[in-house]
Amino acid sequence: MRYIKYIVAMCLVLGGCSGARFREYRAHVLEEYPHMTDAYTQGLFFHDGVLYETTGQWGESSLRTVDVASGEPLSRQNFSRKYFVEGSAILDSTLYILTWTNKMVFLYDAATLEYRSTIAYNREGWGLTTDGHQLIASDGSASLFFLDRELKLIRRLPVRLNGKPVRFLNELEWIDGKIWANVYTTDKIVIINPEDGNVEATVDCSGILPAQLRGPDTDVLNGIAVDAEGNIFITGKYWPRMYRIELIKK
């Protein structure tokens, strides 16, 4: 587990407080779908109506396109055991796939999913999304990184909630002009203003996956995707379900 010593502190920060300057929501399930329990979900996003998922772990990392209704892969490419794959996103005609500690990013043709090239990367790879013009990456710290198409840094964005750094930013999604981020090891999602880095809202996802569906390998909440109609989906690492949700004010 990464940075385990900070977990308690993060839970306290994201638990809310009186006079909070951010909105608090809880996730309400509208529909549920099967999700493959061999998927250690790292990246999750829709593109042209297709759900893409990248999965991690040494010897288990993969790139998949997924049928939402069944949860079954429509296509799957496995990576060598020496790679631990993380977040992913499509910008223009290129699919970018981060690796955790391998210091490299894989580039694929977005239309054919054929491998194109590998680019060196000077930080840990965690989450990845795009606003349609640039890439936005996380590395588990309290900052996000805006990158050009060659993965060169455009700007670094510190993320704060009520003035305090929000560490463990993980899987990312761009939704309605905001950055949604899973906070690793918690059941919280933060919604971030991309201009100033302030957390404008939190989403409590606790209890989404019921106890009876949890097994010995079930891991943490991770994975946010939005389709062309604005439907929001979430899942987790080795979860047996994916959920379409709406936000309810707490």
Side-chain angles (χ1 to χ4, degrees), residues 1-7 10 38-45 47 52-65 76-110 112-131 133-159 165-174 179-185 192 194 197 219-220 222-224 237-238:
M1 302 292 284
R2 306 172 195 154
Y3 303 104
I4 200 74
K5 65 181 180 180
Y6 291 110
I7 292 173
M10 273 308 305
D38 68 343
Y40 191 78
T41 305
Q42 303 286 56
L44 194 73
F45 66 93
H47 180 74
Y52 291 75
E53 184 172 19
T54 44
T55 72
Q57 294 288 23
W58 308 110
E60 300 178 13
S61 292
S62 67
L63 162 64
R64 312 175 186 200
T65 58
R76 175 171 177 164
Q77 297 186 33
N78 295 324
F79 290 82
S80 166
R81 297 185 63 85
K82 65 183 179 180
Y83 299 120
F84 192 121
V85 162
E86 289 271 352
S88 52
I90 290 176
L91 178 58
D92 298 333
S93 63
T94 302
L95 167 63
Y96 297 81
I97 301 177
L98 299 179
T99 58
W100 177 25
T101 57
N102 296 103
K103 303 287 187 180
M104 58 182 62
V105 179
F106 299 116
L107 277 60
Y108 286 78
D109 184 282
T112 65
L113 298 185
E114 292 182 0
Y115 170 78
R116 281 184 178 174
S117 61
T118 300
I119 296 181
Y121 194 61
N122 64 357
R123 63 180 57 88
E124 286 191 2
W126 284 45
L128 190 67
T129 190
T130 177
D131 62 2
H133 305 286
Q134 56 200 334
L135 296 163
I136 306 166
S138 64
D139 68 350
S141 70
S143 292
L144 297 177
F145 303 88
F146 288 72
L147 311 169
D148 67 14
R149 289 163 177 78
E150 301 302 317
L151 300 177
K152 294 178 181 177
L153 182 65
I154 298 171
R155 68 184 175 106
R156 172 181 168 271
L157 180 70
V159 175
V166 181
R167 300 179 179 89
F168 315 113
L169 299 172
N170 198 5
E171 213 273 320
L172 307 173
E173 185 76 358
W174 181 268
I179 304 167
W180 290 42
N182 285 119
V183 181
Y184 184 62
T185 76
I192 304 161
D219 211 309
V220 297
N222 199 57
I224 310 166
K237 300 174 185 292
Y238 298 145

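In this chain, numbering begins with 1 at the start of the sequence shown. The analysis underlying the following values was restricted to heavy atoms, covering all of them including side chains, and did not include hydrogens, waters or symmetry mates.
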Determine the minimum heavy-atom distance between [X] and [Y], stating which atoms define it.
X	Y	value
P165	A142	CB-CB, 3.7 Å
K82	N102	O-ND2, 2.9 Å
L147	A137	CD1-CB, 4.0 Å
E86	G125	CG-O, 3.0 Å
N182	G223	OD1-N, 2.9 Å
P194	I179	CB-CD1, 3.9 Å

Ignoring hydrogens and angles, state whether a donor on the side chain of T94 or R149 is under 3.5 Å from an acceptor on the partner side chain. no

Mind running side-chain contact (heavy atoms from CB on, under 4.5 Å) on L128 and V105 for me, showing each step along the way? CA-CA 11 Å; L128 190 67; V105 179; 5.8 Å; no

Does [X] use its side chain to pair, donor to acceptor, with the backbone of [Y] at less than 3.5 Å?
X	Y	result
S141	S143	yes
S138	N170	yes
T99	M104	yes
D219	Y238	no
T55	D38	no
E171	I224	yes
S61	F79	no
Q77	Y115	no

From [atom1] ([X]) to [atom2] ([Y]), nearest 0.5 Å:
X	Y	atom1	atom2	value
R64	Y52	CZ	OH	15.0 Å
W58	Y83	CH2	OH	10.5 Å
T130	I90	OG1	CD1	10.5 Å
L169	Y184	CG	OH	14.0 Å
L172	I192	CG	CD1	7.0 Å
Q134	W174	CD	CH2	7.5 Å

With a 4.5 Å heavy-atom cut-off, do T129 and F45 have their side chains touching? no

Is the shortest heavy-atom distance from the side chain of V85 to the side chain of L63 under 4.5 Å? no

Where do F145 and R156 land on the side-chain contact (heavy atoms from CB on, under 4.5 Å) test, with the steps shown first? CA-CA 5 Å; F145 303 88; R156 172 181 168 271; 3.9 Å; yes

Do other residues, nucleotides or ligands put more than 12 heavy atoms under 6.0 Å from R76 CZ? yes

Over 60° means perpendicular and under 30° means parallel, so classify the ring planes of Y40 and F84, tilted if in between. perpendicular

List the steps, then state whether side chain to side chain donor-acceptor pair (under 3.5 Å) holds for E53 with T41. CA-CA 7 Å; E53 184 172 19; T41 305; 2.6 Å; yes

